A.B. asks: 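Take this structure, written in structure tokens, and hold onto it; I'll ask about it next.
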Amino acid sequence: MLNQAIPGDQPSSWSRILGVAAAFFRVGLRSAIAYRGEALVWVLATTMPFVMLLLWLEVGRQGGLGNGFVESHYVNYFLIAFCIRQMAGTWVAWKINLEVKSGQLSLRLLRPVHLFVSFASEEFAMMNFRSLVSVPPAMVLLLWFGGEGLPRSPWTWLAVATSTLAAWLITFFLNMMIGLLSLFTAQSLKVMELWIAVFFVLSGYLIPLTLFPPSVRSVLEFLPFRYQVGLPIELASGALPLEKAWSALSLQWMYVAVFALMAQVVYRQGVKRFEAYGG
Amino acid sequence: VTAFRYAKASLRVSMQTAWVYRADLLLEVLVELFYVGTALAPLFAVFHRMDEVSGWKVGDAVAVAGVFTMLQGFMEAIISPSLLQVIEQVQKGTFDFVMLRPVDAQLGASLSRFSPFKLVNLVAGAAMVLYGVPFRTWTIAGAIVFFVFLLGGAFILYSLWLMAVSCTFVFGRLENLPYFIVAWFDAARWPRFVYRGVLKILFTFIFPLAIMTSYPVLGLRGMLLPSELALGIVWPMVFLGLARMVWLRALRHYTSGS
């Protein structure tokens with residue numbers, strides 16, 4: 001497949017990129033399968049939604065969530081939160097930091113596609129594997145314990161799928177941007193960790209946004225955190241009907257574009273420095 | 001005595017390394033304070049809705065989060081730097097050098113590296129405990145139980161880590177297993193009321209989060225049952241013994257790099 005990737009092969013350059021991306025995807029998938037034990041450990045380490053579910057159920061049962069409290073809504077919300085996090089999560093900033101440190105990044109830069117494509121296809125494969133392992137059991141739990149009030153319209157589920165993809169893209173470009181900052185500072189994971197700490201609290205991952213006071217909520221709806229995980233959860237759990245979601249969905253794609261652009265800028269500037277070291 | 005001198009020497013080396021990057025100390029303090037803030041946010045999100053959940057008041061819950069932060073500091077300052085290094089050494093085969101040192105391999109491996117700045121968490125955690133349970137309400141008995149149980153919690157956490165690292169001797173590829181411990185330990189920031197039924201048994205006996213963080217606070221407030229007091233004293237020792245056994249078995253699987 002890679003043999004076809006002759007630079008300057010202009011007429012089919014899109015199919016070339018796709019071909020190379022597919023090759024990376026296969027490599028990524030195989031490495032996910034080879035390290036399946038490790039991948040499974042990562043899935044099992046995603047405990048937060050379950051702990052938060054138990055916590056909010058306990059608070060709800062004791063009347064802390066008002067009279068409108070319905071147990072199955074919270075079960076739906078957090079089981080879906082677990083699935084969406086598996087699907088829309090990527091930790092590629094760590095990988096980049098490692099590759100910058102070890103110098104492996106220069107090998108990657110030699111590959112015949114844009115750096116983003118090569119990382120994205122590997123990460124996408126990893127994400128597929130993680131989803132394959134984690135989503136079916138979560139779905140069984142969902143149908144067993146909750147399930148009530150889930151949206152039935154195929155359009156809503158289509159919106160969930162695109163919104164999950166957008167969430168993944170935002171997280172991916174964010175990771176690329178912060179990860180590539182390591183080209184300037186040698187180490188950028190602290191920045192990422194800070195982001196994640198805020199993300200946990202403000203994205204709807206641990207605390208559904210409906211539980212925030214309205215004034216805070218209207219601010220949170222403008223910040224990018226919700227669009228990394230919260231919006232697809234709200235759609236899929238039925239907390240946000242599709243009719244009311246259009247502006248949020250468009251804002252989400254706007255964030256995709258913004259983060260892609262910022263990642264590209266950091267990449268451009270960073271690679272110049274990287275070359276200056278003599279890579 | 002050798003062990004003590006060994007620990008002192010490796011602490012000195014780590015301190016010197018850390019001092020080289022002393023500018024990082026400020027950053028570290030700021031980051032840790034920030035974490036404490038974000039970690040407390042869900043707690044206040046719960047307790048601004050109700051004054052009490054299953055008999056737990058906000059102060060007690062903050063104190064539990066404080067104990068959690070202290071244990072986390074202990075883990076990040078001492079346990080994880082040393083034991084993560086072991087995983088690396090096993091993969092490279094350089095663990096030979098640890099085995100050659102004139103101290104017990106477990107001790108040598110567990111005290112080989114420190115991250116002194118992470119001890120900031122101990123201070124932050126202690127401040128949270130004092131905020132949750134003001135000092136004037138402390139009793140001598142309560143304080144003794146608190147410190148004994150805090151130490152017990154540290155022992156259990158260390159034992160869990162040691163067992164996870166031992167597993168990587170046998171299954172070379174599961175190098176991220178310690179993160180599994182970290183992720184599950186994270187649930188210990190909440191008081192034990194979160195778990196019911198089977199989960200309560202699981203998190204009291206098998207993965208004893210309740211003993212690690214809820215018991216010290218309950219002990220401090222004089223709210224532990226006699227049976228829980230006994231369990232809190234016996235269980236850390238059981239875990240230490242178990243971890244020692246697993247470690248020794250795993251060591252037999254180590255095939256040197258040379």
Side-chain angles (χ1 to χ4, degrees), chain A residues 31 33-66 69 85 91 94 185-187 189-213 216 220 225, chain B residues 21 24 27-28 30-56 61 164 167-168 170-200 202-203 207 209:
Chain A
S31 97
I33 292 168
Y35 290 91
R36 56 194 174 272
E38 254 193 321
L40 197 66
V41 170
W42 285 129
V43 171
L44 291 175
T46 314
T47 53
M48 274 192 186
F50 296 103
V51 175
M52 293 315 282
L53 170 61
L54 295 174
L55 176 77
W56 288 117
L57 284 182
E58 205 55 49
V59 172
R61 284 184 198 128
Q62 296 178 27
L65 298 172
F69 170 71
R85 180 74 178 142
W91 289 262
W94 276 262
T185 58
Q187 230 273 37
L189 291 178
K190 268 263 132 50
V191 185
M192 199 65 216
E193 282 167 16
L194 284 177
W195 180 286
I196 288 182
V198 183
F199 159 84
F200 279 153
V201 179
L202 302 184
S203 64
Y205 183 54
L206 301 184
I207 309 167
L209 293 191
T210 45
L211 294 181
F212 283 97
V216 180
L220 295 185
F225 306 107
Chain B
Y21 301 100
D24 281 6
L27 184 71
E28 197 74 49
L30 288 177
V31 169
E32 293 304 334
L33 286 181
F34 184 76
Y35 282 153
V36 168
T38 56
L40 284 178
L43 220 147
F44 285 111
V46 169
F47 283 97
H48 99 112
R49 285 162 197 286
M50 45 205 305
D51 299 332
E52 202 179 298
V53 186
S54 307
W56 287 80
C167 286
T168 64
V170 186
F171 314 103
R173 269 179 178 173
L174 289 178
E175 58 195 60
N176 58 351
L177 207 57
Y179 294 102
F180 180 75
I181 306 280
V182 175
W184 282 89
F185 173 62
D186 200 69
R189 66 170 81 240
W190 295 99
R192 63 172 176 181
F193 72 76
V194 173
Y195 317 107
R196 283 185 177 194
V198 186
L199 291 176
K200 193 170 174 184
L202 175 71
F203 289 125
F207 200 94
L209 299 179

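Chain letters run A, B, ... following the sequence lines, proteins first and then strands; every chain starts at 1. Being a predicted model, the structure only gives us computed values, none of them experimental.
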A.B. asks: Quick one: what part of A/Ile207 sits under 4.5 Å from any heavy atom of chain B, side chain, backbone, both or neither?
C.D. replies: side chain
A.B. asks: What part of B/Phe34 is in contact with chain A, defined as an atom under 4.5 angstrom from a non-hydrogen atom: side chain, backbone, both or neither?
C.D. replies: side chain
A.B. asks: Can you tell which part of A/Val51 gets under 4.5 Å to a heavy atom of chain B, answering side chain, backbone, both or neither?
C.D. replies: both
A.B. asks: Nearest 0.5 Å, what's the CZ-OH distance between A/Phe200 and B/Tyr35?
C.D. replies: 10.0 Å
A.B. asks: Could you look at B/Leu199 and say if it's the side chain, the backbone, both or neither that has a heavy atom under 4.5 Å from chain A?
C.D. replies: side chain
A.B. asks: Quick one: CZ on B/Arg49 to CD on A/Gln62, what's the gap to the nearest 0.5 Å?
C.D. replies: 14.0 Å
A.B. asks: Supply the atom-to-atom distance A/Thr47 OG1 to B/Phe180 CZ, rounded to the nearest 0.5 angstrom.
C.D. replies: 8.5 Å
A.B. asks: If you compare all heavy atoms of A/Glu58 against all heavy atoms of B/Ser54, which two are closest, and at what distance to 0.1 Å?
C.D. replies: OE2-OG, 3.9 Å
A.B. asks: Does B/Tyr179 have more than 12 heavy atoms from other residues, nucleotides or ligands lying within 6.0 Å of its OH?
C.D. replies: no
A.B. asks: Give, as side chain, backbone, both or neither, the part of B/Phe193 having an atom under 4.5 angstrom from any heavy atom of chain A.
C.D. replies: both
A.B. asks: In a check of side-chain contact (heavy atoms from CB on, under 4.5 Å) between A/Leu55 and each of B/Val53, B/Val46, B/Leu43, which one passes?
C.D. replies: B/Val46
A.B. asks: What closest approach, in Å, do B/Pro42 and A/Met52 show between heavy atoms, and which atom pair accounts for it?
C.D. replies: CB-CE, 4.1 Å
A.B. asks: Could you grab the distance from atom CD1 of A/Ile196 to atom OG1 of B/Thr38, nearest 0.5 Å is fine?
C.D. replies: 11.5 Å
A.B. asks: A/Leu194, A/Leu206, A/Leu57, A/Val201: which one forms the most heavy-atom pairs within less than 4.5 Å of chain B?
C.D. replies: A/Leu194
